[in-house]
Amino acid sequence: MARTPLIDPVLADLDAAIRAALTAAGLPETDPDLEKPKQADHGDWATTVALRLAKPARRNPRELAQLVVDHLEVPEVVEEVSIAGPGFVNLRLAHRYHEDLVRRVLTEGGRYGHSQVPEAERRHVNVEFVSANPTGPLHVGAGRWAATGDALAALLEATGHAVTREYYVNDAGEQIRLFGESLVLVATGGELTEAHYRGQAIVEVAEQLRATHGAALFTSVPAGEEAELGGGTIAHGNADTGGGHGGLHGGLHGGLTEDVAAGDRAEVTVVDPRIAAAVGVRGVEAMRQRIEDGLHAMGVDFDVWFSERARLHETGAIAATLDELTARGVAYEAEGALFLRTTDHGDDKDRVLRRSDGRPTYFAADCAYLRDKWSRADELYYLLGADHHGYVDRLTAAAACLGVPPDRVEIRIGQLVNLLRDGQPVRMSKRAGETIDLDEVVEEVGSDVVRYHFLRQGLDSTIDFDLAVVAAQSMENPVYYVQYAHARIASVIRNADERGFEAGEVADADLSLLTHPAELALLTAMAGLPLVVAEAADLRATQRLARYAEELAGTFHRFYTECRILAPASGDADAPGAEVAADPALGRARYHLAVAAKQVLANALALLRVSAPERM
RNA sequence: GCCCCCGUAGCUCAGCUGGAUAGAGCACCGGACUUCUAAUCCGACGGUCACAGGUUCGAGUCCUGUCGGGGGCGCCA
């Protein structure tokens, strides 16, 4: 993809004009690579072609810049071309461009800022995120993946891709039996060991199951049910040892640093495994529903809740996948087990698909899942926490073994979330039920604050989530700065309506009157959204959009301070806004500018899934 | 031991894939509301971009190494 996507029609013109100038000047063709100068007074766009051509041509870059400018057929929208510094070619757009922009924003409405990637790059992207185990409620750290995955999905949609938001429900295997056992013990007053799941949510789910299925569920095997939980029949319950993080989807996946590894849940079999399994399956579904509700409260809605048990184990998809891998010649038997030749694709050792006792590994389920997704999408995006970093190589290799082109699988690792309270780390233990739940925090501080807090920072940096800070300083949270700008505009519009202000149609407004520095800054900022959206989507970087929203809000606040829209009530010639009283056409132009700015703010916030309030 | 991420203002972080004078919020100091929302604006203060080399017209950005912080590495759920 070109470094600067030619989103704006003007950009395409400039790009073509510079290319033509290069040819006309007898210079080698190269990407004009238009960029926005950091300093506003350098112009609206700049190209560094002269700097980059200087070395191969062995010529002075300023000289080359002059050559380019001499041969440049200046497009109509460009008002001024200048050479600056070591050889930058700066372009300043004519005011008419900004006038057109206001009309364009108002015409496009909610679509302004959206764009279409070239046909060849258009994809159906399966975005898998969160996918935390349904053996407990989501903790705060999961909010990072929920917010980020959802916003990335929105960004991909806004750039012309089709998206499936997907949550993998790890509802098979030993941990489900243990989860069921925990529920049984809670329901029957049995004694929980250290290995069992506990906590308020477990108690509530146990009560819920009793209410819907009756107490007998906890004491007898439902008729006609076997203890098939996937991962092979749990024949003795203690065939597996330990917890830990052997597979991608078996781990916590919630993305929060945690002091207790899931480990050593082993050897606990105090309940009939068939009962534990039956209860576990139902309990997991109840817990999953709680998770779904909690995410919905945060504005995150998944298209697909993919049940490992129902769609991989019960359908035989895992077995089919192992067959396919064997048929492809990428799997082999050794020591009674089936291995996948992941070392052919960069992994440091081959991985076991089927243990020597015949049971498939979690990795086998992950392969089957990948295969299933690939049949439904043409690009697979995994958003994982840093605790799964060690899994990337084998997952990439698995994709290659299944014939998925490497450029269609993107595994993104995000750093974890540190939960703090007044600067002190909060130690959490999932099995002891000592967690801080996402839905509680969302309820307390609001979805907007939680989402924005996570979206504002890049995936590569560890985020501190200090409950005290987020709650107490909420009035200083940058999200309010952005939302306030939107609410302020809404307020002006309300006032205008009340006063019977006649704004007229944009088409009739004289937007050429918008020449105040604060007006020009706002117009320039508004023009930036499409490019920011395209880049944020391309780089999978939500913070780009968040920072842009803050910048745009800032330019509006300055405009608001310096440029009145409504004439002052008094006739005082020195009062702020007297210029509007003297020239009503200016007030009308500013009104349309503000309405357009409101739209741009709303569009940016919409992509972050943060609300744009009408009043605050 | 090996792999990944981070180190930028007192604090929390951006920095547009190598460009012009490194930015914002918070904190601190000083200003601005009888007139569209002060959850705002204006100004001041604040930097050896962890450190050392290298690549080139140009490095916070790319490469190598060192130091410091975080995370990950199993026929294992």
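Naming: A, B, ... by sequence-line order, numbering from 1 per chain.
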Compare the minimum distances between each of [options] and the side chain of [X], then state the nucleotide with the smallest one.
| X | options | answer |
| --- | --- | --- |
| A:R488 | B:A14, B:A38, B:C41 | B:A38 |
| A:R544 | B:U37, B:G15, B:G71 | B:G15 |
| A:R558 | B:U35, B:C42, B:U40 | B:C42 |
| A:V352 | B:C75, B:G15, B:G71 | B:C75 |
| A:H389 | B:G72, B:A20, B:C36 | B:G72 |
| A:R547 | B:G19, B:A14, B:C41 | B:A14 |

Which residue lies toward the 5' end of RNA chain B, A:V492 or A:T462, if each is placed at its nearest nucleotide?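 The residue closer to the strand's 5' end, by nearest nucleotide, is A:T462.
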Mapping A:H42 and A:R499 onto RNA chain B by nearest heavy atom, which one lands closer to the 5' end?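 Looking at the nearest nucleotide for each, A:H42 comes out on the 5' side.
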Would you please confirm or rule out a distance under 4.0 Å between OP1 or OP2 of [N] and any side-chain N or O of [X]?
| X | N | answer |
| --- | --- | --- |
| A:Q543 | B:G15 | yes |
| A:N495 | B:U37 | yes |
| A:T561 | B:C41 | no |
| A:K349 | B:C73 | no |

Verify stack between A:F88 ring and B:A20 base, 5.5 Å, 30 degrees: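 The base of B:A20 is stacked with A:F88 (centres under 5.5 Å, planes under 30°).
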Are A:Y560 and the base of B:C36 stacked, counting only ring centres nearer than 5.5 Å and planes tilted under 30°?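 Yes, A:Y560 stacks on the base of B:C36, since the ring centres sit under 5.5 Å apart and the planes are within 30°.
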Do A:H453 and A:F465 have their ring centres less than 6.0 Å from each other?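 Between A:F465 and A:H453, which both carry aromatic rings, the centre distance is below 6.0 Å.
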N-glycosidic conformation, B:U61 - syn within 90 degrees of 0, else anti: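 Here B:U61 takes the anti form, which means its glycosidic angle is more than 90° from 0.
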Return the pairing partner of B:C26 with a 3.5 Å limit on both distances, Watson-Crick or G-U wobble; otherwise return none.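 B:G10 is the nucleotide pairing with B:C26.
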Lys/Arg-Asp/Glu bridge criterion (N-O < 4.0 Å) met for A:R456, A:E550: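 Looking at A:E550 together with A:R456, the answer is yes, because their closest N to O distance falls below 4.0 Å.
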Flag the pair A:R177 and A:E181 as a salt bridge only when some basic side-chain nitrogen lies within less than 4.0 angstrom of an acidic carboxylate oxygen.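 Salt bridge between A:R177 and A:E181, a charged N being under 4.0 Å from a carboxylate O: yes.
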Under the 6.0 Å and 45° cation-pi test, does A:R351 pair with A:F339?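 Judged by the rule, A:R351 and A:F339 form no cation-pi pair.
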